[in-house]
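When reading the values below, keep in mind they use all heavy atoms of this one structure, side chains included, and skip hydrogens, waters and symmetry mates. What you see is a predicted model, and the numbers here were worked out from it, not measured in a lab. Each chain gets a letter, A, B and so on, in the order its sequence line appears, and its residues count up from 1.
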Number of protein chains: 2
Amino acid sequence: MSNEQANWETSREEFIAQWGALGSHWGINRTMAQIHALLMTAPEAMHTEEIMERLHVSRGNANTNLRELVGWALVRVVVKKGERREYFEAEKDVWKMFITIAKERKRRELDPALGVLKNCAEQTKEEPAGPGKDFHRQMKELQEFVEFSMKVSDTVSGMKHASALQWAMRLLS
Amino acid sequence: MSNEQANWETSREEFIAQWGALGSHWGINRTMAQIHALLMTAPEAMHTEEIMERLHVSRGNANTNLRELVGWALVRVVVKKGERREYFEAEKDVWKMFITIAKERKRRELDPALGVLKNCAEQTKEEPAGPGKDFHRQMKELQEFVEFSMKVSDTVSGMKHASALQWAMRLLS
DNA sequence: TTAAACTTTCAGTATTATCTGAAAGTAAGA
DNA sequence: TCTTACTTTCAGATAATACTGAAAGTTTAA
């Protein structure tokens with residue numbers, strides 16, 4: 001039977017399925033997360049056709065989500081000499097992956113959110129004591145917290161894996 | 001005109017709308033995020049009726065999402081003496097809020113994810129050198145990263161706001 | 001040029017998530 | 001016990017999101 005597959009492929013299937021499910025709890029399209037999981041565990045770069053077949057998705061869907069992943073810088077396009085079609089490969093280093101995701105989410109979501117908070121704080125800074133002032137204080141506190149998180153995130157993102165680990169050891173000990 | 005409203009209420013509307021949008025990028029139901037934003041900026045505890053009216057949502061929707069927020073421990077039920085209906089109030093301290101969310105997401109999503117990774121790693125630990133072994137290593141690395149994140153998260157969650165700030169200052173300097 | 005090989009786009013369709021409203025459930029107190 | 005005031009549930013409706021497939025677009029090379 002050609003239905004036989006290596007044992008690890010069974011685990012891989014499970015990983016892909018679960019990574020997809022997890023993604024959708026975090027506002028990430030299920031197919032996108034699955035493609036990511038597939039490429040993350042791929043021994044070689046893959047092309048669209050292979051991905052379509054493996055995940056049973058249409059060309060349009062595969063293409064859109066691959067582009068999205070490339071946009072997130074989690075996946076790179078690989079051109080093979082003598083071949084016309086594009087191959088895709090994912091970043092496999094977990095630490096780099098984490099940093100990439102953190103940076104991207106910051107840019108896409110935290111930055112706009114911070115804008116709103118600043119705006120709300122600014123618009124209410126003249127409020128006299130009472131509910132208006134309380135609201136102002138609340139927005140200020142949120143704003144400061146977000147700014148603080150961003151700084152931490154930037155600092156950690158700038159670290160090499162080794163120094164991050166060292167830093168963490170100190171924190172955890 | 002009774003359409004007039006305090007200036008800060010205008011900012012509050014914007015905050016609620018944007019908090020809802022942000023939430024949905026993070027896999028959180030928009031209404032839930034909006035109720036949270038509403039309560040977070042409420043001078044007094046509110047009851048279901050007020051929330052329904054303010055956000056134009058049905059009783060069922062309001063009730064479900066309030067219960068969900070109580071389940072997340074982001075909102076508390078308040079009973080007023082002499083009153084039969086329940087009032088709701090949100091945690092306003094940003095640091096506490098953050099810790100609560102971190103703990104809850106860990107419990108709900110990271111714990112199960114870790115299970116899958118461990119499983120995948122376990123099932124492939126005997127793989128001989130080659131793609132199977134590479135997969136095993138990949139799962140191990142992800143597992144270790146998740147375990148590490150959990151430790152950091154637990155440590156930070158255990159901190160009082162003050163000591164967290166102190167810690168952060170050292171990191172950022 | 002023309003054709004072949006591949007990628008992108010998008011209108012229409014399918015799927016999933018969310019919401020409504022009314023009926024059923026619960027509990028206090030008259 | 002009955003009524004009233006409230007909360008919960010959930011089947012069906014609606015809205016948001018994701019997916020398909022085929023046509024249009026692009027690039028390479030003969």
Q. Above 12 or not: heavy atoms from other molecules or residues under 6.0 Å from CD of E144(A)?
A. yes

Q. Would a distance-only check, ignoring hydrogens and angles, find a side-chain to backbone donor-acceptor pair under 3.5 Å from T124(A) to C120(A)?
A. yes

Send over the distance from [X] [atom1] to [N] [atom2], rounded to a whole Å.
| X | N | atom1 | atom2 | answer |
| --- | --- | --- | --- | --- |
| E49(A) | dT7(C) | CD | C1' | 11 Å |
| I51(B) | dC19(C) | CD1 | P | 14 Å |
| E68(B) | dT9(D) | CD | C1' | 15 Å |
| L55(B) | dT20(C) | CG | C1' | 15 Å |
| R30(B) | dA16(D) | CZ | P | 8 Å |
| E83(B) | dT4(D) | CD | C1' | 15 Å |
| M52(B) | dA22(C) | CE | P | 11 Å |
| N65(A) | dT9(C) | CG | P | 13 Å |

Q) Less than 4.0 Å between a side-chain N and a carboxylate O, is that true for E89(B) and K80(B)? A)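 No.
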
Q. Under 4.0 Å between a Lys/Arg side-chain N and an Asp/Glu carboxylate O for E9(B) and R54(B)?
A. yes

[X] side-chain proximity, nearest of [options]:
| X | options | value |
| --- | --- | --- |
| T31(A) | dA27(C), dA18(D), dT7(C) | dA18(D) |
| R67(A) | dT7(C), dT20(D), dG21(C) | dT7(C) |
| E86(B) | dT20(D), dT7(D), dT20(C) | dT7(D) |
| R84(A) | dC19(C), dC6(C), dT20(D) | dC6(C) |

Q. Hey, does R85(B) reach any base, or is it just sugar-phosphate, or nothing, if we go heavy atoms under 4.0 Å?
A. sugar-phosphate

(Q) Regarding H56(A), tell me which of base, sugar-phosphate or nothing describes its non-hydrogen contacts under 4.0 Å with the strands shown. (A) sugar-phosphate

Q) If you pin Y87(A) and V57(B) to their nearest nucleotides in DNA chain C, which one's is more 5'? A) Y87(A)

Within less than 4.0 Å of OP1 or OP2 of [N], is there a side-chain N or O belonging to [X]?
| X | N | result |
| --- | --- | --- |
| N61(A) | dT20(D) | yes |
| R59(B) | dT20(C) | no |
| N29(A) | dC19(D) | yes |
| N63(A) | dT8(C) | yes |
| T64(B) | dT18(C) | no |

Q.
Using the rule given for salt bridge (Lys or Arg N to Asp or Glu O under 4.0 Å), can you reason through R137(B) versus D134(B), listing the C-alpha separation, both sets of side-chain angles and the distance that settles it, and then say yes or no?
A. CA-CA 5 Å; R137(B) 192 175 307 116; D134(B) 293 344; 3.4 Å; yes

